[in-house]
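So the structure is just underneath, and the comments pick up after that.
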Amino acid sequence: MESKQRKPSVGAIRAQTAATTPAITRATPEGKKTLRKGTVVITGASSGLGLATAKALAETGKWHIIMACRDFLKAERAAKSAGLSKENYTVMHLDLASLDSVRQFVDNFKRTGRPLDVLVCNAAVYFPTAKEPTFTADGFELSVGTNHLGHFLLARLLLDDLKQSDYPSKRLIIVGSITGNTNTLAGNVPPKANLGDLRGMAGGLNGLNSSAMIDGGAFDGAKAYKDSKVCNMLTMQEFHRRYHEDTGITFASLYPGCIATTGLFREHIPLFRLLFPPFQKFITKGFVSEEESGKRLAQVVSEPSLTKSGVYWSWNKDSASFENQLSQEASDADKARKVWELSEKLVGLA
């Protein structure tokens, strides 16, 4: 499946895109534009939060979901098992650990001629027990390369498509995490997120001429994930500062609750996987099912009441949404600008 998607040349794709896009996006009569289905791209939609969100949105009948996934067949099977109707979704190959794959996905998406109304940057990898770093196809430490840099490039390349959306509310959503937010109890569990002076990021995150960690320190798999989530939340705010006023796009992040049963923890030790769900259910009371978390993210995608930009959404015990406070580092405007500029260089946009 993947090889078929990679056959057309970039030039051919662009030519075809130029020929097909206007006819499809502008054929709807002016007065009926908002009656069409919205198109939402969700990364990592083959399991966990992404799949639950795809299901919640598909059930409304108001959305067509582009399931942007690394494993094409897994995504197709997941869609079928979740009961998604074929007319409500399309699976497209995307490997966020490869910048070439990100660019190919963007070209392939443009080639469909579909408008883009919402982009959800959800996919994530987590290696809490790793003793040595692993790297992306481009040589970046895998957690930051996938969770942050892959999404950063994807969002930048699809920004023009979002700008052109005529949907009532166009949105770019980046999933955050409480573990990267050090003003919370969970965020203070060692190792704590800390980007330091970004010397590792400035050095390329490749473990050769610098550390594989953003702060330039010794590798720690759990910290690498938390640092990537800080980058996600900083990036959302920088998008808001740079583009919201001129484009009307809503930029938001969220923490949907602790999905203790998600596959994100598959790399953790077996004892942790056994004890973590009951601990969250009965001790912290922070447990949220995949279904409930999917409904929460679906709210951030579609609810008219959640159109405020630059916000980090959370939910209380009654499942009511509220604007949460980010930690000092995760809301540092100067650091957000520096992360943005370094990320541009690393993904080849500078």
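Residues forming a salt bridge (charged side-chain N to carboxylate O under 4.0 Å, His left out) with E323 (at least two apart in sequence, or on another chain): K308. Residues forming a salt bridge (charged side-chain N to carboxylate O under 4.0 Å, His left out) with D215 (at least two apart in sequence, or on another chain): K223. Scanning for side-chain contact (heavy atoms from CB on, under 4.5 Å) contacts around A224 gives E141, S143, M213, F219, with sequence neighbours left out. Listed by chain and residue number, R337, K338 satisfy the salt bridge (charged side-chain N to carboxylate O under 4.0 Å, His left out) test with D334 (two or more places apart in sequence, or in another chain). Looking at residues two or more places apart in sequence or on another chain, you find a side-chain contact (heavy atoms from CB on, under 4.5 Å) between K86 and E76, Y89. Scanning for salt bridge (charged side-chain N to carboxylate O under 4.0 Å, His left out) contacts around K170 gives an empty result, with sequence neighbours left out. With sequence neighbours excluded, the residues that form a ring-ring contact (aromatic ring centres under 6.0 Å, His included) with F251 are F239. Residues satisfying the side-chain contact (heavy atoms from CB on, under 4.5 Å) test with L346, not counting sequence neighbours, are F140, L149, M201, L205.
Checking S169 against R171 by side-chain atom types alone, a donor-acceptor pair falls below 3.5 Å.
Within the structure, salt bridge (Lys or Arg N to Asp or Glu O under 4.0 Å) pairs that include any residue of residues 233-254 comprise E238-R241, E238-R242 (at least two apart or interchain). Residue pairs meeting the side chain to side chain donor-acceptor pair (under 3.5 Å) criterion with at least one partner in residues 51-68, sequence neighbours excluded, are H64-T90, H64-R114. Annotation: ring-ring contact (aromatic ring centres under 6.0 Å, His included) contacts involving residues 192-212, sequence neighbours excluded, are absent.
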Enumerate, atom names and distances included, each donor-acceptor pair closer than 3.5 Å involving a side-chain atom of residues 154-161, sequence neighbours excluded.
residue	atom	partner	partner atom	Å
R156	NH1	E344	OE2	2.8
R156	NH2	E344	OE2	3.2
D161	OD1	K110	NZ	2.4

